[in-house]
Protein chains: 2
Amino acid sequence: MNNLIKYFNQFNHLSDEAVKAIADISKPVNIKKNQDLQSIGHTCRTIYFIKKGVARIYYYKDDIEITECFAFENTIIARVESLFTGKPSRKAIQMIEDSELIGINSPKLFELYDKFPEIERLFRKIFESAYVDTVNRVESIQFHSAEERYNALLKESPNVLQRVPLKYIASFLGITQVSLSRIRGIR
Amino acid sequence: MNNLIKYFNQFNHLSDEAVKAIADISKPVNIKKNQDLQSIGHTCRTIYFIKKGVARIYYYKDDIEITECFAFENTIIARVESLFTGKPSRKAIQMIEDSELIGINSPKLFELYDKFPEIERLFRKIFESAYVDTVNRVESIQFHSAEERYNALLKESPNVLQRVPLKYIASFLGITQVSLSRIRGIR
DNA sequence: AACAAAATTTATCATAAGATAAATAATCAA
DNA sequence: TTGATTATTTATCTTATGATAAATTTTGTT
């Protein structure tokens with residue numbers, strides 16, 4: 001739980017009791033490379049913290065698989081459009097490497113919000129931050145070329161190429177694998 | 001304040017004291033058509049509820065003005081990437097029509113969170129919902145054609161064409177005004 | 001109403017990315 | 001290690017959208 005607490009403290013310091021309460025509704029999850037952590041059609045009831053490994057969220061658009069995002073060590077991942085609405089998700093979470101995670105039961109977490117306003121505040125801040133990232137992502141997709149987005153991704157996650165197949169990177173960037181290959185070929 | 005309270009109640013019911021506390025840090029704002037409500041370079045310290053009128057958030061990319069989003073009556077609008085980070089915003093909010101708003105002082109609002117967990121919860125839910133909308137927007141921009149996005153906008157906001165100039169709609173859709181005109185011309 | 005300014009459309013040409021197919025390279029499993 | 005599978009690149013042709021310019025329509029102001 002150590003890194004998880006460190007992660008939490010970046011957003012909001014928690015009392016020992018609050019940490020204990022979260023620990024009580026959390027459990028370790030280990031997943032093999034290329035396995036789905038959560039599947040399409042399933043309602044998100046777990047927020048995962050990645051201790052080790054790389055995750056991606058993906059879905060299908062017209063039978064084509066699209067990668068929505070990646071998540072690396074020491075961050076959390078969840079399909080928020082299901083987590084916050086309670087609706088089944090059209091998306092899945094897959095681990096790209098053998099991974100170790102901590103799963104936090106979200107219905108129980110949301111119950112803790114009543115007793116621990118500091119926990120509610122923590123997750124408010126975590127998701128506000130993720131919201132800001134997503135607002136910035138809209139701008140990036142809409143007004144930067146595929147090549148600019150590729151270079152920005154490399155800058156932001158220099159090891160993404162070592163850890164993530166190009167076909168996933170391509171759809172994350174909003175282009176086909178062939179186009180990505182072309183962009184990469186230029187230099 | 002009536003419609004504002006109705007809006008709040010969609011997310012979280014507030015006690016009378018909480019409503020009063022918010023009222024105490026709110027004030028009416030009237031803005032003429034085409035005037036900026038908040039300007040570029042200014043840190044967002046107000047969350048606005050739109051009683052009457054249409055707002056848009058815009059910014060410049062390479063000297064070209066880009067509309068990030070629109071907001072209509074009975075919703076709130078704020079430049080969240082500044083509101084949540086405290087950094088000056090590269091974006092502005094402009095009212096497209098003569099408008100009446102309620103401005104809620106956000107530093108004071110955030111102070112209320114300590115005394116009124118119900119207010120913190122309210123805004124947590126409001127922004128969680130906005131976050132989900134933005135996640136869906138990413139998908140829409142990335143994997144639907146400009147024409148699909150135009151039709152989706154018309155479906156979602158049927159009166160947008162009556163109230164918003166096409167040049168703003170074009171950059172919101174991520175295309176030039178000329179391209180939008182071409183798309184519209186097809187039918 | 002009449003003019004000026006702004007918004008929208010139309011036209012032409014250029015370009016980034018898509019679709020498809022095929023070649024090559026890398027990875028995995030027996 | 002070898003063959004099979006999967007990932008990546010290369011090539012060709014097509015298409016949606018961009019850039020620019022000009023025409024037309026709408027809006028705003030005196």
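Residue numbers begin at 1 in each chain, while the letters A, B, ... track the order of the sequences.
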Exercise for the section: Using a cut-off of strictly less than 4.0 Å between a heavy atom of the residue and any atom of DNA chain D, enumerate the qualifying residues of residues 59-72 of chain B by number. Expected result: none
Handout entry: Ion pair check, A:Lys20 and A:Asp16, cut-off under 4.0 Å
Key = no
Fill in the blank from the handout: Between A:Glu68 and the options A:Lys91, A:Arg137, A:Arg79, the side chain to side chain donor-acceptor pair (under 3.5 Å) test singles out A:Lys91
Would you tabulate the pairs of protein nitrogen or oxygen atoms and nucleotide nitrogen or oxygen atoms of nucleotides 23-30 of chain D closer than 3.5 angstrom?
from	atom 1	to	atom 2	distance (Å)
D:dG28	OP1	B:Lys33	NZ	3.2

Practice task
Evaluate the ring planes of B:Tyr131 and A:Phe127, with Trp represented by its six-membered ring, and classify them as parallel (under 30°), tilted (30 to 60°) or perpendicular (over 60°).
Solution key: tilted
Exercise for the section: Drop me the distance from B:Glu100's CD to B:Tyr48's OH, to the nearest 0.5 angstrom. Expected result: 15.0 Å
Completion exercise
Double-helix bend of the helix from C:dA1-D:dT30 to C:dA30-D:dT1, axes at both ends from 5 pairs, round to 10°, gives 50°
Completion exercise
Separation between CG (B:Leu166) and CZ (B:Arg184), nearest 0.5 Å, reads 4.5 Å
Problem - No-hydrogen, no-angle side-chain donor-acceptor test under 3.5 Å, A:Tyr58 and A:Asp36 - result: yes
Handout entry: Inter- and intrachain pairs under ring-ring contact (aromatic ring centres under 6.0 Å, His included), touching residues 3-37 of chain A, at least two apart
Key = A:Tyr7-A:Phe11, A:Tyr7-A:Phe49, A:Phe8-A:Phe123
Problem - Test: B:Glu128 and B:Arg124 ion pair at under 4.0 Å - result: yes
Problem - Approximate separation, where rounding is to 0.5 Å, of B:Ser99 OG and B:Lys51 NZ - result: 12.0 Å
Practice task
State which of C:dT20, D:dA19, C:dA17 makes the closest approach to the side chain of B:Thr176.
Solution key: D:dA19
For nucleotides 14-16 of chain D, list the nitrogen or oxygen atoms of the protein found under 3.5 Å from its nitrogen or oxygen atoms, one pair per line.
none

Handout entry: CG/B:Asn2: more than 12 non-hydrogen atoms of other groups inside 6.0 Å
Key = no
Give each protein N/O atom lying under 3.5 Å from an N/O atom of nucleotides 6-8 of chain C, with the pair distance.
from	atom 1	to	atom 2	distance (Å)
C:dA7	OP1	B:Lys167	NZ	2.3
C:dA7	OP2	B:Lys167	NZ	2.9
C:dT8	OP1	B:Leu166	N	3.0
C:dT8	OP2	B:Leu166	N	3.1
C:dT8	OP2	B:Lys167	N	3.0
C:dT8	OP2	B:Gln177	NE2	3.4

Handout entry: Interatomic distance, A:Ile25 atom CD1 to A:Leu112 atom CG [nearest 0.5 angstrom]
Key = 4.5 Å
